[in-house]
Every structure is written in C-alpha cells, then in structure tokens.
Amino acid sequence: MEWSIVSSVLLAIVITTTISILSRRRKSLGHGPKLPPGPPGWPIIGNLFDLGSMPHRSLADLRPKYGEVVWLKLGAINTMAVLSSRAAAELFRHHDLSFATRALTETSRAHDYHLSSVALAPYGAYWRVMRRLMTTEMFVGRRVGETAPLRRRICAGLPLAQCLLHFVLGSLIHHFDWRLDEKVSRETMDMRDRMGIVARKLEPLFAVPTKCL
C-alpha cells in the first residue's frame with residue numbers, strides 16, 4: 001500500500017516535470033508569446049520560493065540580471081514585475097489600455113458583477129458611457145445637493161444623540177456602582193477585540209449595576 005502511494009507521487013512529479021520542460025522548450029522555439037526575461041521556476045509552484053521573506057528586496061535583486069521588466073510565475077498566476085520608474089512610465093504611456101481591465105474572480109463572474117459594475121466592467125464602450133454618466137450626472141455638486149434634505153431627514157436626531165451619549169454614560173457611571181458578571185473575574189477578563197464592520201469584544205463583557213449612590 002505504501003509503495004503504491006510513493007510510486008503514484010513519483011509518477012505525478014515526473015509527468016509534471018516533463019510537461020514543464022516541453023512547454024518551456026516550445027516557448028524557446030518561438031511557438032509561444034514573447035515574454036520578458038525572468039528566473040526559471042519550479043513545476044507547479046513557479047517562482048514562489050524566489051521571493052523570500054522580503055519580496056521587494058528579492059525583486060530588486062533580479063533587476064541587474066534580468067532587466068527592468070521581469071516575468072514571474074507565482075503558482076498558476078503569471079506576473080510581470082516592473083522594476084524602474086522609466087519602464088513604468090513607458091508601460092502606462094504606450095500600453096495602458098492592455099492593463100486597464102481588472103482581473104475578475106469567479107465570485108464576481110457568478111453574480112455578473114462584471115457586467116454592470118463600473119469598478120469591475122472591462123474597459124470599452126460600456127465602461128466609458130457609465131463613467132461619463134457618473135461624472136456628469138451623478139457625482140456632481142448639483143445632484144449631491146438635491147439629496148441633502150433626504151439625508152437630513154434620515155439623520156435628524158443624530159446631532160442630539162451625539163450630545164446626549166456622553167451625558168447618559170456619565171450619569172450611569174456616577175450614580176451606580178458596577179461589578180463584573182459572576183462568570184468573569186479580573187484575572188480571566190479578555191480585552192481582545194474582534195474586528196468587523198465595528199470593533200467588538202472577542203468575549204462579551206458584562207457590567208452589572210449594584211446599587212444607586
């Protein structure tokens with residue numbers, strides 16, 4: 001049983017290495033797209049190990065050997081690293097349209113966000129029309145001013161609530177003695193936070209009023 005597992009793993013490694021060598025040889029013969037130079041990668045993982053613990057320094061060390069534009073394969077993702085301001089300026093000056101469209105995740109495709117969202121839509125006629133509508137019709141001072149009464153009506157009590165909040169808390173602290181819940185002691189009290197839309201305690205903290213002063 002163990003021998004069959006080992007042989008299966010070795011066979012998978014041999015097949016993967018063979019495919020990688022053949023594909024690399026095919027690219028070298030001119031059958032693939034012309035890509036920038038870069039360090040050779042391992043099968044499957046590519047150049048992940050070349051980045052090290054400080055990727056920005058590892059990428060800077062590649063520039064003397066491979067030039068200002070380096071091609072890396074990070075797992076299944078092809079990555080082009082631009083390592084100088086001059087190359088970056090030339091890239092955005094002459095090839096900006098090739099990189100104008102964002103990479104889409106499968107979640108975005110499943111919900112068709114890329115077909116209606118301006119942030120995710122591919123660059124083209126639809127994106128240009130939507131951008132013009134937003135900049136000239138929606139996010140302008142006149143349109144924003146038209147919704148000001150609606151925002152004031154929804155939040156009419158917000159200024160008063162903000163003024164009363166400190167007063168109410170101060171009154172509760174001043175007029176009552178407080179103790180911790182019986183299940184919590186000062187030694188076991190956990191003050192860590194759980195991050196989300198708002199910051200909450202990792203473990204709920206309850207304070208119980210004991211008597212009125």
Side-chain angles (χ1 to χ4, degrees), residues 5-136 139 192-197 199:
I5 296 176
V6 174
S7 60
S8 300
V9 173
L10 292 177
L11 180 61
I13 294 175
V14 171
I15 293 175
T16 305
T17 305
T18 304
I19 294 175
S20 177
I21 294 174
L22 292 176
S23 62
R24 192 175 301 171
R25 179 177 298 178
R26 186 177 182 182
K27 290 181 180 179
S28 64
L29 294 176
H31 296 286
K34 186 177 181 181
L35 301 175
W42 292 88
I44 301 177
I45 61 175
N47 303 104
L48 286 175
F49 290 159
D50 295 332
L51 298 180
S53 59
M54 292 185 288
H56 60 291
R57 293 189 177 181
S58 301
L59 291 175
D61 295 337
L62 295 176
R63 179 179 174 181
K65 184 175 181 180
Y66 297 103
E68 299 177 342
V69 181
V70 178
W71 184 262
L72 302 171
K73 192 172 182 63
L74 306 179
I77 301 176
N78 296 323
T79 305
M80 185 177 67
V82 182
L83 305 179
S84 71
S85 57
R86 185 184 66 82
E90 183 178 354
L91 173 70
F92 289 114
R93 186 181 301 114
H94 301 290
H95 306 283
D96 55 337
L97 296 182
S98 300
F99 296 90
T101 302
R102 289 187 176 185
L104 297 176
T105 62
E106 293 302 324
T107 304
S108 301
R109 295 182 185 277
H111 295 281
D112 292 335
Y113 290 153
H114 63 293
L115 299 179
S116 58
S117 173
V118 178
L120 299 177
Y123 181 81
Y126 170 79
W127 183 88
R128 289 193 295 269
V129 171
M130 293 300 296
R131 181 177 182 273
R132 184 169 65 252
L133 290 175
M134 289 188 173
T135 54
T136 59
F139 301 118
R192 293 177 298 172
D193 293 331
R194 178 177 57 192
M195 301 307 297
I197 298 178

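When reading the values below, keep in mind they use all heavy atoms of this one structure, side chains included, and skip hydrogens, waters and symmetry mates.
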Looking only at heavy atoms, what is the nearest atom pair of [X] and [Y], with distance?
X: P37; Y: Y66; result: CG-O, 3.2 Å
X: I45; Y: L48; result: O-CG, 3.3 Å
X: P64; Y: A60; result: CD-O, 3.5 Å
X: P39; Y: V70; result: CD-CG1, 3.9 Å

Would you say D50's side chain and G41's backbone share a donor-acceptor pair under 3.5 angstrom? no
Determine which pairs satisfy side chain to side chain donor-acceptor pair (under 3.5 Å) with at least one residue from residues 127-136, sequence neighbours left out, and list them in order.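 Listed once each, the pairs would be none.
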Pairs satisfying side chain to side chain donor-acceptor pair (under 3.5 Å), at least one member in residues 56-65, at least two apart: none
Indicate every side-chain donor-acceptor pair of residues 73-81 with a distance under 3.5 Å to a residue at least two apart or in another chain.
{"unit_1": "K73", "atom_1": "NZ", "unit_2": "N78", "atom_2": "OD1", "d": "3.1"}

Can you tell if the side chain of L62 reaches within under 4.5 Å of the side chain of L72, non-hydrogen atoms only? yes
